[in-house]
Amino acid sequence: MTARPAHALLVAPAMLVMAGALGYGEPGMDGCASYLAARQRLAPVAIPSREALRTAVGGAETSTVELIGDVSGMASSSVGSEGEVERTVMMTLDDGSSVAMHAAASVEPLRVGDRIAAIASIQRQGSPTNDLVLEAWVREWDLPREEPAEGAPEEAEDTAIEQELPQQLPRPAAVATCRVDAIDVWRRWVLKHNPRLSRQQATNIVRWVLHYAQEYNVNHKLVFALIKWESWFDPGCVSHAGAMGLMQLMPGTARSLGVSPRNVQQNIEGGVRYLAEQLAAYRDLPNYQRVILALACYNAGPNAVEAAGHRVPAIAETQRYVRKVSSTFYELHQAGMP
């Protein structure tokens with residue numbers, strides 16, 4: 001993924017400010033329901049940018065804000081005589097600005113790279129700075145999508161997306177051979193993104209990706225890039241929409257492929273085969289277009305891409321997805337990964 005500039009917006013002081021009990025996964029509620037309940041109770045002001053946050057923090061009318069962005073860092077430190085743990089979550093907004101939020105233990109499932117929606121309270125009293133305290137969070141893809149009102153204009157198409165993506169993407173066809181150390185190199189890469197996996201689990205994932213990528217003639221670097229942004233290599237990942245596993249197969253798609261999405265090996269086999277089908281549909285196009293349209297099909301579905309005139313649909317989530325996966329694919333190629 002292409003790095004964005006990080007402009008310091010708020011600096012968290014070395015003091016203990018913990019969030020309340022509203023964290024992700026409140027007992028008796030799923031994470032999304034808990035987050036939506038917090039949103040209804042706290043009525044946060046939506047903050048799309050650095051300047052909007054500065055205005056909210058500088059005023060007296062707003063006490064809670066809602067932010068959407070990517071987790072860019074996590075930190076924990078012991079403070080006080082009893083060794084209490086202070087947690088800090090760093091978040092990068094879509095305009096490139098960086099926000100620091102104090103948090104409770106409920107942020108432990110978060111990983112760098114996760115895209116989240118977060119509700120934070122502004123602490124103005126008893127602090128030399130205006131501190132943000134994380135009250136609730138949820139992964140953005142778990143939030144229900146809002147249906148446009150009847151008669152509302154459709155979202156404008158992002159005509160700049162093709163100019164923003166790497167123009168020299170690697171070939172999506174399979175690499176003929178891998179280096180002898182390929183499994184070790186890729187296992188380390190997978191474990192870096194999900195250190196909770198055992199060495200054997202990571203080895204199995206790598207072996208299956210390499211095997212099925214070769215079988216279905218898909219560049220394995222593209223498959224690894226896709227899995228990173230689909231599930232962060234979490235075999236138990238389930239989205240709000242019901243997509244499951246490493247490659248986030250919807251139940252209907254898994255049935256049509258004849259695989260079990262809960263079985264890790266079958267999930268990879270089915271996901272690689274489905275990706276291969278999307279690539280095959282655009283085999284006559286130049287390499288660059290073939291990759292981005294196949295990725296758009298994988299995320300939004302072939303019908304959405306067809307309805308958009310065989311272009312990346314004007315869906316914000318799909319456009320972010322295509323940017324992220326294609327950029328990671330390009331970076332893996334440039335880094336000389338086997």
Side-chain angles (χ1 to χ4, degrees), residues 4 6-80 84-112 114-146 240 316:
R4 294 179 295 189
H7 306 292
L9 180 58
L10 297 175
V11 179
M15 60 182 292
L16 180 64
V17 185
M18 301 301 289
L22 279 179
Y24 185 87
E26 182 178 340
M29 304 178 71
D30 65 34
C32 184
S34 176
Y35 184 87
L36 294 176
R39 179 193 278 173
Q40 182 174 13
R41 188 174 72 85
L42 298 173
V45 174
I47 300 296
S49 67
R50 172 187 184 184
E51 291 305 318
L53 182 56
R54 279 183 169 168
T55 300
V57 170
E61 298 83 7
T62 304
S63 59
T64 55
V65 294
E66 184 172 29
L67 311 158
I68 294 179
D70 300 322
V71 176
S72 55
M74 304 277 290
S76 299
S77 59
S78 297
V79 296
E84 299 97 334
V85 176
E86 178 190 56
R87 294 174 177 83
T88 302
V89 176
M90 295 297 298
M91 183 175 174
T92 301
L93 305 183
D94 287 342
D95 68 346
S97 58
S98 184
V99 179
M101 297 176 288
H102 298 283
S106 59
V107 299
E108 289 179 357
L110 281 176
R111 296 183 293 271
V112 173
D114 281 349
R115 185 168 180 83
I116 65 169
I119 295 173
S121 59
I122 302 171
Q123 303 296 302
R124 293 189 174 92
Q125 297 181 348
S127 172
T129 62
N130 291 314
D131 300 320
L132 290 182
V133 178
L134 184 62
E135 298 288 356
W137 66 269
V138 67
R139 291 183 175 86
E140 188 194 21
W141 60 69
D142 285 337
L143 286 173
R145 294 187 181 181
E146 296 182 3
H240 177 72

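For the side chain to side chain contact (heavy atoms under 4.5 Å, CB included) test, residues two or more places apart in sequence or in another chain that qualify with S121 are T64, Q123, V133, E135. Every residue meeting the side chain to side chain contact (heavy atoms under 4.5 Å, CB included) condition with V71, not counting sequence neighbours, appears here in chain and number order: M74, V89, L110, D114, I116.
To the nearest 0.5 Å, atom NE2 of residue H102 and atom OG1 of residue T88 are 6.0 Å apart. Atom CG of L53 and atom CD1 of I122 lie 7.0 Å apart (nearest 0.5 Å).
Among all heavy-atom pairs drawn from I47 and A52, the shortest one is CD1-O, 3.7 Å. The two residues R39 and P44 come nearest to each other via the heavy atoms O-CD, 3.3 Å. The two residues Y35 and I119 make their nearest non-hydrogen contact at OH-CG1, 3.4 Å. Summarising the geometry of A56 relative to T62, their closest heavy-atom pair is O-CB, 4.1 Å, with the distance given to 0.1 Å. Across every non-hydrogen atom of M90 and A100, the tightest pair is SD-CB, 3.4 Å.
Side-chain contact between L67 and M101 is present, with at least one heavy-atom pair separated by less than 4.5 Å.
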